[in-house]
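I have placed the structure first, in the form of structure tokens, so that the comments after it can refer back to it.
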Amino acid sequence: VITKIKARQILDSRGIPTVEVDLFTNKGMFRASVPSGDTTGMYEAVDLRDGDKGTFLGNSVTRAVKNINEKISEALIGMDPTLQSQIDHAMIDLDKTEKKGELGANAILAVSIAACKAGAAEKEVPLYKYIAEISGETNLTLPVPAFTLISGGKHAGNHLAIQEIMILPIGASKFEEALQMGSETYHHLKCFADKKYLAKTSLDLARVFLSPVVSLRAWLLLQKNMVHMNVMLVKMVVLLQISQGNLKEGLDLLKEAISRTGYNDRIKIAIDVAASDFCIGTKYDLEIKVPNKSEQNFKSAEDMIEMYKELCSEYPIVSIEDPFDKEDWEHVKHFSSLGICQVVGDDLLMSNRKRIQRAIEESTCNALLLKVNQIGTVTEAIEVVRQAKEANMGVVTSHRCGETEDSFISDLSVGLGTGQIKAGAPCRGERLAKYNQLLRIEEELGDQAVYAGQDWKVSS
Ligand code: PGA
Ligand code: ZN
């Protein structure tokens, strides 16, 4: 039985407070912490923050922590940790609000995940197997990782409007090889980018590459060529301007990096457009982050479709996330109906059951981006994955930009057989916590391990 629950405030990968909980049973202590994102849509579960501007700029989570240590503890102590659904529903009932705003979805999810880990220990099975058991999933699968290699949008201080360019090593024979392919491409890309921009390529929140800032090396070069300084300056500005708004430039660099690895067709490309972030009325401003533009260059939704068609024919793009504004269901539907690539709903669906149902009924998109903290309990995460899979939608288990060292989503993706996982670049602790856990799971499964590979879209 659950004997004690103790929560605390810790910091996430952005240095912003989040919730961690230690849940005790007779089998030991089980720890979980929760991520949080930059996008907090009105349909997602509430990430409860204190809002006291004098402390952590309003981001502390001491109320959520207190809710665990007092109300949630009181309700759950004495319960059997293997009763995941009952535990989650006890918290949902205690909260009484639709979006978990009373106790905080961050408080509820931390306890839900810790209870899931305790339940697995109680049953003496690995976490991913336990998740498969409680969800009724029979198809344990190692997911295809979507490694983010180039960052833009709200994640990056460059001029690229679209949020992420990712690679999918679908041609790997196993997850271990997929991780190697991702890492090698990452390092080749870094070399190319450093040379091209005469700069050390910087890293963003999810530790992926940004386009350049003027480096010391470029500056020294400039000093040595004082005579040509004006010319050099002009050249540099041009270089930086071209470099920074251009999606195709990023894709070309990536193509070059992939060809350098020799993996070629075995690696595909995915993009997260996060189009809501540069949608102005009904138009899209791909140069929204470029300062001092001489003219506006807006694209209509139809122009965007043409652009996606062109990109998919020029580059091995197999998946596009949020191609239009999050309320523009019609254009997402039209674009999906063209069957050019997987169309993923992240900001569109917000992992919200009702929005997923609408997307299923109207055939809006064909994959769900699963952000567990937008839902708030393990039980409900299992339900939405089932909902999506029954409708033949793909599922991408996803991290958030603010992550912790907790690798729960790795076990979740294997146990629910989601087929895809998006957890950032193959670099930095909080991202590698996820990828390295998948290595361990694959090792443990041995001969029984199945890598989703070419079946990445729908794995059961
Ligand atoms: P986040 O979103 O920054 O809100 O975590 C990541 C994403 O758009 O996939
Ligand atoms: Zn997204």
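Just so you know, ligand 1 is whichever comes first in the structure, and atom 1 is the first atom listed for that ligand.
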Inset, instruction - Decide whether the shortest distance between a heavy atom of Glu321 and an atom of ligand 1 is less than 4.0 Å. - result: yes
Legend entry - Contacting atoms of ligand 1, where contact means under 4.0 angstrom from a heavy atom of Asp346: 7 (C), 8 (O), 9 (O)
Legend entry - From SG (Cys116) to CD1 (Ile382), nearest 0.5 Å: 6.5 Å
Inset, instruction - Please identify which atoms of ligand 1 are closer than 4.0 Å to at least one heavy atom of Arg400. - result: 1 (P), 4 (O), 5 (O)
Legend entry - For the student: nearest non-hydrogen atoms of Phe147 and Ala178, plus distance: CE1-O, 3.5 Å
Inset, instruction - Could you tell me whether some N/O pair between Leu369 and ligand 1 is separated by less than 3.5 angstrom? - result: no
Legend entry - Under 4.0 Å to a heavy atom of Asp38 - the qualifying atoms of ligand 1, by number: 1 (P), 3 (O), 4 (O)
Legend entry - Ser36-ligand 1 polar pair, N/O distance under 3.5 Å: no
Legend entry - Geometry at the Zn ion (ligand 2) - Glu321 OE2 versus Asp346 OD2 angle, rounded to 10 degrees: 100°
Inset, instruction - Tell me which one of Lys371, Glu403, Arg14, His399 gets a heavy atom nearest to atom 6 (C) of ligand 1. - result: Lys371
Inset, instruction - Confirm or rule out an N/O/S atom of Asp347, from backbone or side chain, lying less than 2.8 Å from the Zn ion (ligand 2). - result: no
Inset, instruction - Using a 4.0 Å heavy-atom threshold (strictly under), name the region of Asp322 that reaches ligand 1: side chain, backbone, both or neither. - result: neither
Legend entry - Salt bridge flag under 4.0 Å for residues Asp22 and Arg31: yes
Legend entry - Test item: Asp325 and Thr282 side chains (from C-beta on) under 4.5 Å apart, heavy atoms: no
